[in-house]
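Along the sequence shown, residues carry numbers from 1.
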Amino acid sequence: MTIRLYDTSARQIRDFTPLVPGCVSIYLCGATVQAAPHIGHIRSGLNFDIMRRWFSYRGYDVTFVRNVTDIDDKIIKKSAEQGRSWWSIGYANEVAFNEAYDALGCLRPTYEPRATGHIPEMIEMMRGLIERGHAYAADGNVYFDVRSFPGYLELSNQELDSLRQPSGEGETGKRDSRDFAMWKAAKEGEPSWETPWGRGRPGWHLECSAMAHKYLGSAFDIHGGGVDLVFPHHENEIAQAKAFGDDFAAYWSHNAWVTMSGEKMSKSLGNSVLVSEMVKRWRPIVLRYYLGTPHYRSMIEYSEEALREAEAAFARIEGFVQRVVEKAGKTVEPAAEVPPAFAEAMDDDLGVPQALAIVHTTVRQGNSALTADDKEAAVARLAELRAMLGVLGLDPLDERWSGGAERGEDLHGVVDSLVRLVLDQRQAARSRKDYATADAIRDQLQQSGLAIEDTPSGPRWSLS
């Protein structure tokens with residue numbers, strides 16, 4: 001079946017046809033590293049990680065580029081406020097972003113270029129745009145002339161006459177207030193680089209047009225990012241790249257926000273939930289389940305209750321996996337193919353919620369097989385389950401999660417040791433036929449939120 005994706009530029013779901021047969025090229029707008037990431041930031045990385053995994057499963061050779069914006073107004077402002085170098089702030093937060101991506105199981109990008117490492121490519125693009133009459137220099141700034149590009153605003157479906165283009169401090173010399181800055185003139189005490197038009201630094205939009213051209217060429221398959229980037233960022237990227245002569249992206253894919261009380265999660269609203277804090281309270285694989293399983297184009301309203309529901313749902317999956325592994329007495333490898341219904345859901349605009357329904361149906365079928373003592377059927381369901389969970393990055397038997405790299409694994413080990421000590425006391429009471437004490441211990445554990453199950457290989461606990 002052909003993979004189909006919602007294309008923001010077409011405002012409809014389209015059949016995906018790669019520019020190069022068997023290959024997929026993806027450019028994702030990554031982190032602006034003025035602060036550590038909250039879960040809203042990381043949702044985008046998770047959604048496009050799942051997209052990448054699905055293309056790989058379907059046999060495509062994927063090139064995945066995710067940039068780092070390591071210089072912008074906010075980073076410079078924080079540098080002045082904190083008395084720290086801009087690059088120190090940027091690098092510390094870049095590390096924090098990568099730690100968050102790693103914690104939640106995102107595959108590393110093929111390339112992860114930084115804006116400040118590509119000044120020559122930006123100068124080359126500006127020079128070409130000026131020569132073609134699409135840009136001009138003024139007061140040390142370089143602006144894009146939006147009226148020179150007829151396709152401007154087609155992505156966001158706006159009218160130029162009603163446009164209010166955001167402008168920054170020091171953006172003087174514009175011919176039209178709607179023109180946007182590709183390059184900003186140097187200010188005293190701020191970082192700057194030499195150009196034919198004077199010293200300065202990149203505007204926000206130029207870097208992505210230049211880096212996409214360098215790493216993916218004049219045309220590539222998919223450009224991704226959060227829905228808040230449609231305007232002005234992606235609109236301005238298109239104008240620069242296409243006016244330069246590139247075909248640029250064939251498809252535009254945007255993920256929705258994580259909200260709190262109906263508002264976009266952001267630092268400016270003071271409602272962000274940092275990944276570094278969340279992984280202290282929730283297992284990272286549960287956070288991945290919570291953020292990665294809603295449809296990428298649907299909003300997620302953050303709440304503790306929703307996270308607890310995600311934790312309980314994933315616990316049911318893990319419980320089945322654990323029981324089959326114990327019964328089989330060996331590793332059960334993932335099936336070579338996912339079930340057809342799962343594939344159909346994923347092919348249809350990455351329908352993860354529909355695919356997840358197949359996951360839970362498979363778990364229920366597997367549990368029924370275990371109840372009927374049908375080991376062969378239970379193992380077959382686990383093999384299918386592992387294939388599906390692998391695509392979603394949620395396979396609990398994958399080395400990524402089972403090898404102890406997951407944050408919170410140490411705490412689980414401590415709890416396990418304590419519970420085992422209590423279970424040994426319960427077992428000793430049962431051995432001496434003191435069933436009242438054994439039952440009291442079991443009841444106390446259950447009141448603490450633990451479920452105890454007696455199995456042929458000994459008692460097993462789980463969160464109830």
Side-chain angles (χ1 to χ4, degrees), residues 3-19 23-32 37 39-56 58 60-69 97 100-101 104 106-113 115 154-156 204-205 207-217 219-238 240-241 246-258 264 291-292 294-300 346-352 392-393:
I3 294 177
R4 305 174 72 236
L5 295 174
Y6 183 84
D7 180 7
T8 305
S9 61
R11 285 173 275 283
Q12 64 180 351
I13 294 177
R14 298 172 53 202
D15 289 348
F16 176 75
T17 304
L19 296 173
C23 298
V24 178
S25 47
I26 304 172
Y27 186 96
L28 174 64
C29 284
T32 299
I39 58 174
H41 292 132
I42 297 303
R43 183 190 182 184
S44 180
L46 275 174
N47 288 153
F48 285 92
D49 182 65
I50 292 172
M51 175 188 283
R52 175 190 186 177
R53 288 170 182 264
W54 184 244
F55 274 118
S56 295
R58 280 305 200 193
Y60 288 95
D61 182 10
V62 181
T63 300
F64 183 69
V65 180
R66 185 182 67 210
N67 78 297
V68 175
T69 298
F97 265 88
Y101 289 131
L104 271 64
C106 293
L107 302 174
R108 290 292 180 94
T110 312
Y111 307 110
E112 193 169 26
E154 287 182 356
L155 180 68
S156 56
W204 177 28
H205 318 295
E207 60 185 82
C208 286
S209 298
M211 290 189 288
H213 179 90
K214 178 179 178 67
Y215 291 95
L216 298 176
F220 58 95
D221 293 305
I222 300 169
H223 195 311
V227 68
D228 52 315
L229 299 181
V230 172
F231 181 83
H233 187 48
H234 289 166
E235 198 73 76
N236 293 351
E237 279 187 58
I238 292 171
Q240 293 164 154
D246 288 355
D247 289 332
F248 211 48
Y251 297 80
W252 286 86
S253 183
H254 293 93
N255 65 276
W257 297 335
V258 178
K264 175 195 171 189
L291 293 170
H295 195 276
Y296 74 94
R297 290 193 288 118
S298 64
M299 297 292 184
I300 299 176
M346 292 297 291
D347 281 337
D348 188 12
D349 194 31
L350 303 176
V352 174
L392 302 176

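The CG atom of N255 lies 11.5 Å from the NE2 atom of H295; values are rounded to the nearest 0.5 Å. The OG1 atom of T69 lies 6.0 Å from the CE atom of M211; values are rounded to the nearest 0.5 Å. Atom CZ of residue F248 and atom OG of residue S209 lie 4.5 Å apart, to the nearest 0.5 angstrom. Between D247 atom CG and L19 atom CG the span is 8.5 Å, to the nearest 0.5 Å. Summarising the geometry, atom CG belonging to L291 is positioned 9.0 Å from atom CD1 belonging to I42; distances are rounded to the nearest 0.5 Å. With rounding to the nearest 0.5 Å, the separation of CZ in F220 from OH in Y215 is 14.0 Å.
Around OH of Y111, the count of heavy atoms belonging to other residues, nucleotides or ligands within 6.0 Å does not exceed 12.
The side-chain heavy atoms of C29 and H223, taken from C-beta on, include a pair separated by under 4.5 Å. Side-chain contact between Y60 and I3: present, with at least one pair of heavy atoms (C-beta onward) separated by less than 4.5 Å. Within the 4.5 Å cutoff, the side chain of R43 has heavy atoms near those of the N47 side chain. Within the 4.5 Å cutoff, the side chain of D349 has no heavy atoms near those of the R4 side chain. Counting only heavy atoms from C-beta outward, the side chains of V352 and M346 approach each other to under 4.5 Å. Using a 4.5 Å heavy-atom threshold, the side chains of Y296 and Y6 count as touching. Under the 4.5 Å side-chain criterion, counting only non-hydrogen atoms from C-beta, K214 is not in contact with P113. Residues W252 and I238 have side chains in contact (heavy-atom distance under 4.5 Å, counting atoms from C-beta outward).
L28 and G45 get closest at one heavy-atom pair: CD2-CA, 4.4 Å. S253 and I222 get closest at one heavy-atom pair: CB-CG2, 4.1 Å. Nearest heavy-atom pair across V68 and E207 is O-OE2, 4.3 Å. For the residue pair D7 and A250, the shortest heavy atom distance occurs at OD2-O, 3.8 Å.
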Quiz: residues 225-235 side-chain donor-acceptor pairs under 3.5 angstrom, not counting sequence neighbours:
{"unit_1": "D228", "atom_1": "OD1", "unit_2": "W257", "atom_2": "NE1", "d": "3.4"}
{"unit_1": "D228", "atom_1": "OD2", "unit_2": "K264", "atom_2": "NZ", "d": "2.9"}
{"unit_1": "H233", "atom_1": "ND1", "unit_2": "H205", "atom_2": "ND1", "d": "3.1"}
{"unit_1": "H233", "atom_1": "NE2", "unit_2": "E237", "atom_2": "OE2", "d": "3.0"}
{"unit_1": "H234", "atom_1": "ND1", "unit_2": "H254", "atom_2": "NE2", "d": "2.8"}
{"unit_1": "E235", "atom_1": "OE1", "unit_2": "L155", "atom_2": "N", "d": "3.4"}
{"unit_1": "E235", "atom_1": "OE1", "unit_2": "S156", "atom_2": "N", "d": "2.8"}
{"unit_1": "E235", "atom_1": "OE1", "unit_2": "S156", "atom_2": "OG", "d": "2.5"}
{"unit_1": "E235", "atom_1": "OE2", "unit_2": "L153", "atom_2": "N", "d": "3.0"}
{"unit_1": "E235", "atom_1": "OE2", "unit_2": "E154", "atom_2": "N", "d": "3.4"}
{"unit_1": "E235", "atom_1": "OE2", "unit_2": "L155", "atom_2": "N", "d": "3.3"}

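In terms of modelled atom types and a separation under 3.5 Å, the side chain of D221 and the main chain of I26 share no donor-acceptor contact. For the pair T110 (side chain) and V65 (backbone), a donor-acceptor distance under 3.5 Å is absent.
Shown here are the ring pair (Phe, Tyr, Trp, His ring centres under 6.0 Å) partners of F16, two or more places apart in sequence or in another chain: F55, Y251. Remark: Y101 engages no residue in a ring pair (Phe, Tyr, Trp, His ring centres under 6.0 Å) (not counting sequence neighbours).
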